[in-house]
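We name chains A, B, ... by the order of the sequence lines, and we start the count at 1 in each one. Note that the structure is a prediction, hence the values are computed from the model and not measured.
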Amino acid sequence: MKTLSIVVTTPPYSPLTITAINYIKSAIALGVSINGVFFYQDGVINASEHHTIPNDEYQVLTEWKALNKNHNIPLHVCVSASEKRGLSDEITINAQQTTNINECFTVSGLGELVELSTSSKRVVQF
Amino acid sequence: MKTLSIVVTTPPYSPLTITAINYIKSAIALGVSINGVFFYQDGVINASEHHTIPNDEYQVLTEWKALNKNHNIPLHVCVSASEKRGLSDEITINAQQTTNINECFTVSGLGELVELSTSSKRVVQF
Amino acid sequence: MNNNTKHIAILNASAATAPSAKDALDTTLIYASFEQPISLFYQGEGVRQLVNNQDLTTIHVKDFLKTMSAFSFYDIENIYVCENSLKSRLLAANFHIENVQVLTPHEFANKLHEHQVILRF
Amino acid sequence: MNNNTKHIAILNASAATAPSAKDALDTTLIYASFEQPISLFYQGEGVRQLVNNQDLTTIHVKDFLKTMSAFSFYDIENIYVCENSLKSRLLAANFHIENVQVLTPHEFANKLHEHQVILRF
Amino acid sequence: MKVLHLLRTSAYNTPDLSECLATFQPNDQLVLLDDGCYNLTHVLLNEFIENNGAQCVSFIKDHATARAMETNSKSNVNAINLDTLVNLTFECDSVITWQ
Amino acid sequence: MKVLHLLRTSAYNTPDLSECLATFQPNDQLVLLDDGCYNLTHVLLNEFIENNGAQCVSFIKDHATARAMETNSKSNVNAINLDTLVNLTFECDSVITWQ
């Protein structure tokens, strides 16, 4: 069984992120099992609930959501990298607890990267 | 009259941003009038209401707020660069209109950069 | 807008695939639409923005380079490219827009020095 | 945690002042705390992380390099630096941590090839 | 062990290609993707190919086409797609991304 | 017109120093700040200083100290602080930031 984990460090507005998504899609089509995607550094911006990309451009968030929902790929965002960039699932707005991270993403610690590294045949950083 | 506008393109977690702040403080101390700071590219992350920096590290947001409040320096964040990074003063959470941009910052278009360029003796990009 | 017109230079240092290339173009068009005299400089990897026959749609990126054909509409006529940057990349002076002036590094530096505001992306 | 132990390499390519240097260190310490065999490689500008007498507090940056003195506590004993990267920067092998092994590019490449997971920051 | 090197930057902009080649060993594979395709005409890569042959170097065809590099390059490096890259990932023992 | 060049990156990592020097003219000023201080020992800068003298080059003292570069460098380039940099900003006619 070919298993793979992916580390994404590039933001949603970079073509480098499109490459990562297309690589994952190819891997799925070839029967590779994706154990998870770990978003680190600027990669965490992909998980932002509110980032907007013009309609006529590649919709990165839509693609990540589809990978999560249609292929059950866990999407982990690093908690410390997120907090540095204003992203959190525990923010308070108007005295209400809320989140600005899309629901398809799980806020995780770096320990999850260790788990993904040891449980997968290959780790590829994008 | 020495007038200056500053363009900041670096994020709050970069030492490059600390340099920009210290340069502005030096300019103020020397009697230079700062017409405004324009945050562009990753610079807009400085305006995030929710970005967190550990207590024992340099508090970039606190410094920007002080420059705005104590020295009346307008802090403009580029609207399109902000939206790409999930920052907006018109987001809807739980059916309520809200913002995730700190109140010391003004959401502006690139036209503001033109205004700052023409009204200042010098423009310095950081 | 105050009347103090400045000569603005946008120094392009990023390939077309870098997000900053689009930022530089947006900035250019805004200065132009506010009728500020603006010049474009392409140096280093920035020269790749001018190369003919690129097709960003192949990598699912919107082809914002097409917008550069509107430069003449915006009266953007000062477009300079560094000859050495082309040569070191084995690139011919074959561009997808008109009126690009290929300058020696010395001429390029001279032109750049005529501007009061210089932003580099 | 599953039992499939991997040999992990963190390849450091950024100077101490780059945010990614801190990210690399955080990642290193996590792998170590989960008792994964981990090796550190310093190449290119990354070698600057090891240079003695730096003082990041001068530029108001928290001196995270001090944390590197905890490497022995975490049993991180494989610390390699590329000799050519030092030489081309005119840097002496004068480091602020112990047990750093200066390797020729060939030895450096050999060691790197012993690892199944390689992350570069 | 056999390493798959993914190069995503231009050697005109970063030292990544040079640092990558410094760690390259005979059984390794080098794939140029994204801006790494700009290296197809770079002297460092061409010297490497002269000394080691072109069979250990590939580039992603779409990534080169997007950058008008496919026609610019005269080297006989393999044009591959992402499916081939996925297969290479498992044929090699580990991956280093130079970006 | 006199240009103030602010160099914030290391020539070991980016082509900024080389692109900066290509546009440099006799009355210009070059200030190394942030990682630009790493250039104090770089061959490109030292060649430039040999040909043009050290009086048109400065570095921010604190930025060099933080990086242990002040003692490493043997060039007699001016150590300045940010106040001096602000003054230079107005003594020159325009500013280019290389970062």
Side-chain angles (χ1 to χ4, degrees), chain D residues 4-15 18-21 23-24 27-28 31 36-50 78 80-91 101-121, chain E residues 1-39 42-45 47-53 55-58 60 85-99:
Chain D
N4 196 354
T5 297
K6 294 265 176 76
H7 288 86
I8 315 280
I10 304 291
L11 182 46
N12 290 275
S14 319
S20 47
D23 296 333
T27 306
T28 300
Y31 276 105
Q36 298 295 308
I38 188 151
S39 307
L40 291 171
F41 292 82
Y42 294 86
Q43 187 192 23
E45 286 294 84
V47 303
R48 300 200 187 274
Q49 291 183 39
L50 301 172
N78 301 324
Y80 309 109
V81 59
C82 174
E83 187 176 37
N84 278 19
S85 301
L86 288 176
K87 281 187 178 166
S88 64
R89 286 162 183 77
L90 313 180
L91 294 171
Q101 297 175 54
V102 180
L103 302 183
T104 66
H106 184 72
E107 293 165 340
F108 191 86
N110 274 345
K111 283 285 180 196
L112 194 57
H113 277 71
E114 291 170 7
H115 297 77
Q116 285 99 37
V117 175
I118 306 170
L119 296 172
R120 184 171 181 265
F121 294 101
Chain E
M1 293 221 299
K2 208 170 144 178
V3 173
L4 172 62
H5 299 263
L6 305 184
L7 180 63
R8 310 185 81 190
T9 61
S10 161
Y12 296 93
N13 245 2
T14 79
D16 291 339
L17 173 61
S18 133
E19 292 171 12
C20 166
L21 296 182
T23 68
F24 200 91
Q25 292 197 335
N27 288 320
D28 291 358
Q29 282 287 325
L30 169 60
V31 178
L32 312 174
L33 51 166
D34 305 301
D35 283 356
C37 293
Y38 288 131
N39 298 308
H42 196 278
V43 58
L44 264 184
L45 185 73
E47 279 174 15
F48 175 81
I49 290 171
E50 270 174 40
N51 297 330
N52 300 271
Q55 71 287 347
C56 56
V57 185
S58 322
I60 306 295
L85 182 59
V86 170
N87 289 331
L88 276 173
T89 308
F90 289 93
E91 286 164 21
C92 296
D93 302 295
S94 65
V95 185
I96 308 180
T97 302
W98 305 86
Q99 68 184 4

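- D:Leu119 does not touch chain E: none of its heavy atoms, backbone or side chain, sits under 4.5 Å away.
- Checking side-chain atoms of D:Gln43 against main-chain N and O of E:Glu19 turns up a donor-acceptor pair under 3.5 Å.
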**Prompt:** When you look at E:Ile96 and D:His113, which way does the side chain to side chain contact (heavy atoms under 4.5 Å, CB included) test go after all the steps?
**Reply:** CA-CA 10 Å; E:Ile96 308 180; D:His113 277 71; over 6 Å; no
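- Atom NE2 of D:His115 and atom CE of E:Met1 lie 8.0 Å apart (nearest 0.5 Å).
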**Request:** Apply the test side chain to side chain contact (heavy atoms under 4.5 Å, CB included) to residues D:Arg120 and E:Gln99: give CA-CA distance (whole Å), side-chain angles for both, the deciding distance (0.1 Å), then the verdict.
**Result:** CA-CA 8 Å; D:Arg120 184 171 181 265; E:Gln99 68 184 4; 5.7 Å; no
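- Among all heavy-atom pairs drawn from E:Ala22 and D:Ala109, the shortest one is O-CB, 4.1 Å.
- With a 4.5 angstrom heavy-atom cutoff, D:Asn110 touches chain E via backbone and side-chain atoms both.
- Rounded to the nearest 0.5 angstrom, E:Trp98 CH2 and D:Leu11 CG are separated by 5.0 Å.
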